Amino acid sequence: MTIPLLDLQAQLAQYRDAALEAITRVVDSQHFIMGPEVKAFEAELAAYLELPVALGVSSGTDALLACLMAMEIGPGDEVVTTPFSFFATAGVVSRLGARPVFADIDPATFNLTEAGVRAAIGPNTRAVIPVHLFGQICDLGDFYDDADRPVVVEDAAQAQGAKLRGKHTGHFGEYTCISFFPAKNLGAFGDAGGVACRDRARAERVSIMRLHGSKPKYHHHFVGGNFRLDALQAAVLRVKLPLLDGWAAARRANAARYDALLADSGLVERGLITPPTVLPDSEHVFNQYVVRAKDRDGLAAHLDAQGIGHAIYYPRPLHLQPCFADLGYGPGDFPHAERACDEVLALPVFPELGADRQAAVVRALCTHYGI
Ligand SMILES: Cc1ncc(COP(=O)(O)O)c(C=O)c1O
């Protein structure tokens with residue numbers, strides 16, 4: 001049995017006709033840039049997140065970049081973030097000439113910790129970017145409520161629909177940045193992203209930033225970029241947004257089934273596989289179901305041979321990336337992040353996976369370890 005890591009075809013039938021209708025509507029209108037579809041999607045996204053304002057942008061990367069640009073982050077500034085994330089999280093900081101300052105992760109959740117963030121903050125810290133990795137909101141405890149903390153830019157690229165203590169992303173920081181890359185729980189038909197804010201003035205600056213800093217047209221207040229969301233993508237996202245919570249629930253059910261199968265298999269008890277940790281009061285949306293595995297690379301080769309999809313998010317921490325060598329970090333600086341890079345493995349968890357295929361995945365894990 002071949003089992004893919006992700007099967008986007010499996011959910012296409014649920015929205016294919018509606019998406020094609022939406023695309024036709026945009027094509028017939030010939031209104032491809034900004035316009036009513038983008039506006040309507042922004043209103044629907046804001047309502048979903050229970051935030052006053054949301055903006056469509058060109059990608060999750062550009063969402064982060066536009067927020068940092070709106071804050072005028074640049075040379076001499078520091079931004080505290082995690083070394084265990086997709087490259088974009090720290091890449092946007094460097095692109096603006098500012099310095100990413102890393103703090104180690106919590107080995108249970110793979111997310112930043114309150115103590116780690118507090119210790120990394122210095123006089124030049126302008127912002128903190130907590131990443132809600134794999135679909136679980138980064139719990140920085142009381143830090144989020146501190147009146148004098150630096151600005152928080154939530155990297156919610158992987159966490160659409162996730163909640164912590166009953167609140168969606170965007171209710172912890174000043175900005176929440178979303179990716180609608182096709183492999184995310186809510187994916188577009190190409191690159192797309194979003195920013196949402198509690199504060200309208202902050203959102204307004206981001207909104208101007210995505211139009212080359214101009215308002216009205218051809219009157220440039222600051223140097224921005226073209227960070228617009230395509231109307232075609234907005235129209236597709238409008239069709240898919242109402243399905244997001246159902247997909248997240250199916251992913252959660254799959255995660256719970258893996259937890260039970262792994263516990264029954266003896267893999268957990270023997271310390272061979274460690275399932276993911278879900279914090280109390282946290283609604284994880286499992287964009288990825290990531291375990292720690294003994295002999296991870298051997299297991300990955302075994303799954304390859306069995307035709308079972310898997311992935312390593314991420315094989316190398318950001319502080320040890322060649323392009324960040326000038327930051328002066330070295331091996332051993334963030335041991336939890338480095339260890340995670342050696343041990344993590346994402347297993348298939350897409351909504352339509354089903355019990356039989358999950359049982360086959362766990363059987364394949366067992367055969368690798370000879371149990
Ligand atoms: C944690 C994180 N941040 C940022 C991004 C960037 O999003 P995009 O690919 O839409 O630019 C991603 C996407 O993979 C991500 O996973």
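These figures come from a predicted structure and were not determined experimentally.
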State whether the side chain of Glu338 and the backbone N or O of Phe334 hold a donor-acceptor pair below 3.5 Å, judged by distance alone. yes

For the pair His221 (side chain) and Lys215 (backbone), establish whether a donor and an acceptor sit closer than 3.5 Å, ignoring hydrogens and angles. yes

Suppose we call two aromatic rings close when their centres sit under 6.0 Å apart. Are Tyr48 and Phe41 close by that rule? no

Salt-bridge test for Arg210 and Glu42: reply yes if a basic N is under 4.0 Å from a carboxylate O, no otherwise. yes

Verify the ring-centre separation between Phe134 and Phe286: is it less than 6.0 angstrom? no

Between Asp155 and Tyr175, is a side-chain hydrogen bond (donor to acceptor under 3.5 Å, both in side chains) present by the stated rule, with each step listed? CA-CA 9 Å; Asp155 183 339; Tyr175 307 90; over 6 Å; no

Could you check Arg339 against Glu343 for salt bridge (Lys or Arg N to Asp or Glu O under 4.0 Å), going step by step and ending with a plain yes or no? CA-CA 6 Å; Arg339 189 165 164 208; Glu343 295 183 351; 2.8 Å; yes

Scanning both residues in full, the closest heavy-atom pair of Leu318 with Ala90 reads CD1-CB, 3.9 Å

How close do Met69 and Val223 get, heavy atom to heavy atom, and via which atoms? CE-O, 3.4 Å

Evaluate the criterion salt bridge (Lys or Arg N to Asp or Glu O under 4.0 Å) for residue pair Lys163 and Glu283; output intermediate values, then yes/no. CA-CA 5 Å; Lys163 286 186 177 175; Glu283 273 180 52; 5.0 Å; no

Closest approach of Ala311 and Leu5, non-hydrogen atoms and distance? CB-CD2, 3.6 Å

The test is salt bridge (Lys or Arg N to Asp or Glu O under 4.0 Å); show your working for Arg251 and Glu352 and say whether it passes. CA-CA 8 Å; Arg251 285 172 178 273; Glu352 302 77 15; over 6 Å; no

Kindly indicate, with the supporting measurements, whether the criterion salt bridge (Lys or Arg N to Asp or Glu O under 4.0 Å) is fulfilled by Glu37 and Arg25. CA-CA 10 Å; Glu37 294 290 343; Arg25 193 169 66 230; 2.7 Å; yes

Minimal heavy-atom distance between Arg205 and Ala70, with the atoms involved, is NE-O, 2.8 Å

Whether Asp333 side chain and His319 backbone form a donor-acceptor pair below 3.5 Å: no

Using atom types as modelled and distance alone, determine if a side-chain donor or acceptor of Asp146 lies under 3.5 Å from a backbone N or O of Asp148. no

Exercise answer: donor-acceptor pairs, residues 186-198 side-chain atoms, under 3.5 Å, sequence neighbours excluded:
unit_1: Arg198; atom_1: NE; unit_2: Gly173; atom_2: O; d: 3.3
unit_1: Arg198; atom_1: NH1; unit_2: His171; atom_2: O; d: 3.2
unit_1: Arg198; atom_1: NH2; unit_2: Phe172; atom_2: O; d: 3.4
unit_1: Arg198; atom_1: NH2; unit_2: Gly173; atom_2: O; d: 3.0

Is it true that a side-chain atom of Arg357 and a backbone atom of Leu353 form a donor plus acceptor pair closer than 3.5 Å? yes

Main-chain N/O of Ser85 paired to Thr82 side chain as donor or acceptor, under 3.5 Å: no

Can you name the nearest heavy-atom pair linking Thr61 to Ala88, along with the distance? OG1-CB, 3.5 Å

Any donor-acceptor pair under 3.5 Å linking the side chain of Arg202 with the backbone of Met71? no

May I ask whether Leu237 and Phe181 are part of the same hydrophobic cluster, defined by side-chain heavy atoms of I, L, V, M, F, W, Y residues being less than 4.5 angstrom apart, directly or through others? no

Might you point out which heavy atoms bring Thr125 and Ala120 nearest each other, and give the distance in Å? OG1-O, 4.1 Å

Which of parallel (below 30°), tilted (30 to 60°) and perpendicular (above 60°) describes Phe102 and Tyr329? tilted

